[in-house]
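Working notes, structure below.
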Number of protein chains: 2
Amino acid sequence: MIYKESHTLILNNIARFIDLTELEKQKYLSLLTEIEVKKKEFLMQAGDITTYEYFITKGCLKVYTLDEDGVPHISMFAIEDFWTGDMASFMTKEPTRYFIKATEHSELLGISKANYELLFQEIPKFEKFYRILYQRSLVSYIRRSNHGISLTAEERYIEFKKKYPQIINRITQKDLAAYIGITPEFMSKIISKVNRM
Amino acid sequence: MIYKESHTLILNNIARFIDLTELEKQKYLSLLTEIEVKKKEFLMQAGDITTYEYFITKGCLKVYTLDEDGVPHISMFAIEDFWTGDMASFMTKEPTRYFIKATEHSELLGISKANYELLFQEIPKFEKFYRILYQRSLVSYIRRSNHGISLTAEERYIEFKKKYPQIINRITQKDLAAYIGITPEFMSKIISKVNRM
DNA sequence: GAAAAAAAATGAACTAGTTTAAGACTTTTA
DNA sequence: TAAAAGTCTTAAACTAGTTCATTTTTTTTC
């Protein structure tokens, strides 16, 4: 069976952890919704009740909150082959505190809460898929939460550059500052210092 | 069926997400190992290959790494009814970078990697249990990694105090500083300032 | 392709958090 | 129960990161 590019991408992502039969693949794909988000448009805004989780097949989005002073704090950049959404809101159906905005024209596959629950009934193997997916995300967030607390901004920048070389050239320095957790001015200083080294 | 206290505690923890039959409960308990760690002793040290994940039934432990300068960074305090371990090492069988040390005499239930895998075969419902457990941990680590980057030390202290009132009185100020990500001296200033307010 | 808007760079004055050092208080151990 | 070891406090001098203001460079829009 030949699938379109976006479907091949998501099936390969899933095949890292579980094997699906052709029938299961087709069933799974039938539960997904295709979504397009134009540059600068929102996939989600604070206050929304987010009933979808997303897989990015093309483009780049930033996931962020605004603090009391209206300053943005970016928690992730999501590009092709990444999963994103607000899991807390997805789980509890409470309004989200996050904004997700496309920094490039983006294409996604979304799964609704209803279909996500259905998925586990129809193809129980997906419990394993999500168990492993969450387990791995957890490992990287535990590390990031320690680094946020124990590394200097310069060290966090160097880490990010090493870990996500495919992202760093697609985002603005200002957004990178909002991810690293510093002002754009200080980000500018760090970058020119690191490049001079 | 009547279970001993530690078994009741772990079964109740699991019952939050999945229902087990009596037979499944007994099967599950048979896969666990009882472990005792005396105050100041280690459950795990950097370099170990950690083939167990743990549930704490009594006591308190601190999970930390040492940086290049030998400064400890605590990533969690684990008390009764918490799960702990080094998931990265448990998953990959690579040596851990963590130390886990009891700050009180502690009692744990451990599950070996082999039994963890066996568990999914024998009682597939456990995929769901771990899927939800990891999903919820993920939500709280995502929040913590953002807070580590965007809040001041004083704000992080106030958050910790609110979120873990049952822990704050059981740990030293020095360990709290290593968790918040500041020096013990600055921790001392913050506490006396916050108490004065 | 010119005008407008946004991003990046630079610098000076400021604040949050560190370092070092010393003394007081508490807990552990012999 | 005394001594030793570890924890907590305070303070002065320092460094990482912020704020605010201005200029230059790049990107977007019509």
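Numbered from 1 within each chain, the chains take letters A, B, ... in sequence-line order.
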query = Taking the side chain of A/Thr183 as heavy atoms from C-beta outward, which of D/dT28, C/dT19, D/dT18 is closest to it?
reply = D/dT18
task = Report the residue (B/Lys40 or B/Glu185) whose heavy-atom-nearest nucleotide on DNA chain C is the more 5′ of the two.
result = B/Glu185
request  = Check whether any side-chain N or O of A/Gln173 sits under 4.0 Å from OP1 or OP2 of D/dT26, and answer yes or no.
outcome  = no
message = Between A/Leu109 and A/Phe129, is there shared hydrophobic-cluster membership here, with clusters defined by ILVMFWY side-chain heavy atoms closer than 4.5 Å?
response = yes
message = It should be established whether A/Ser188 places a side-chain nitrogen or oxygen under 4.0 Å from OP1 or OP2 of nucleotide C/dA8.
response = no
ask   = Could B/Arg136 and A/Phe90 be counted as a cation-pi pair, given that NZ or CZ must be under 6.0 Å from the ring centre and within 45° of the axis?
value = no
ask   = Within less than 4.0 Å of OP1 or OP2 of D/dT28, is there a side-chain N or O belonging to A/Lys39?
value = yes
query = In whole angstroms, how far is the P atom of C/dG17 from the CG atom of B/Leu176?
reply = 14 Å
query = Can you tell which of D/dG17, D/dC8, C/dT10 lies closest to the side chain of A/Arg156?
reply = D/dG17
request  = Using a 4.5 Å cut-off on heavy atoms from C-beta on, say whether the side chain of B/Lys101 contacts that of B/Leu43.
outcome  = no
Identified side-chain hydrogen bond (donor to acceptor under 3.5 Å, both in side chains) partner of A/Lys62 from the options A/Thr103, A/Thr172, A/Asp175 = A/Asp175
inquiry  = Regarding A/Thr152, tell me which of base, sugar-phosphate or nothing describes its non-hydrogen contacts under 4.0 Å with the strands shown.
reply    = sugar-phosphate
Residue B/Lys189, side-chain atoms from C-beta onward, closest of D/dA11, C/dA7, C/dT10 = D/dA11
note = From CD of A/Glu154 across to P of D/dG17 the rounded distance in Å is 8 Å
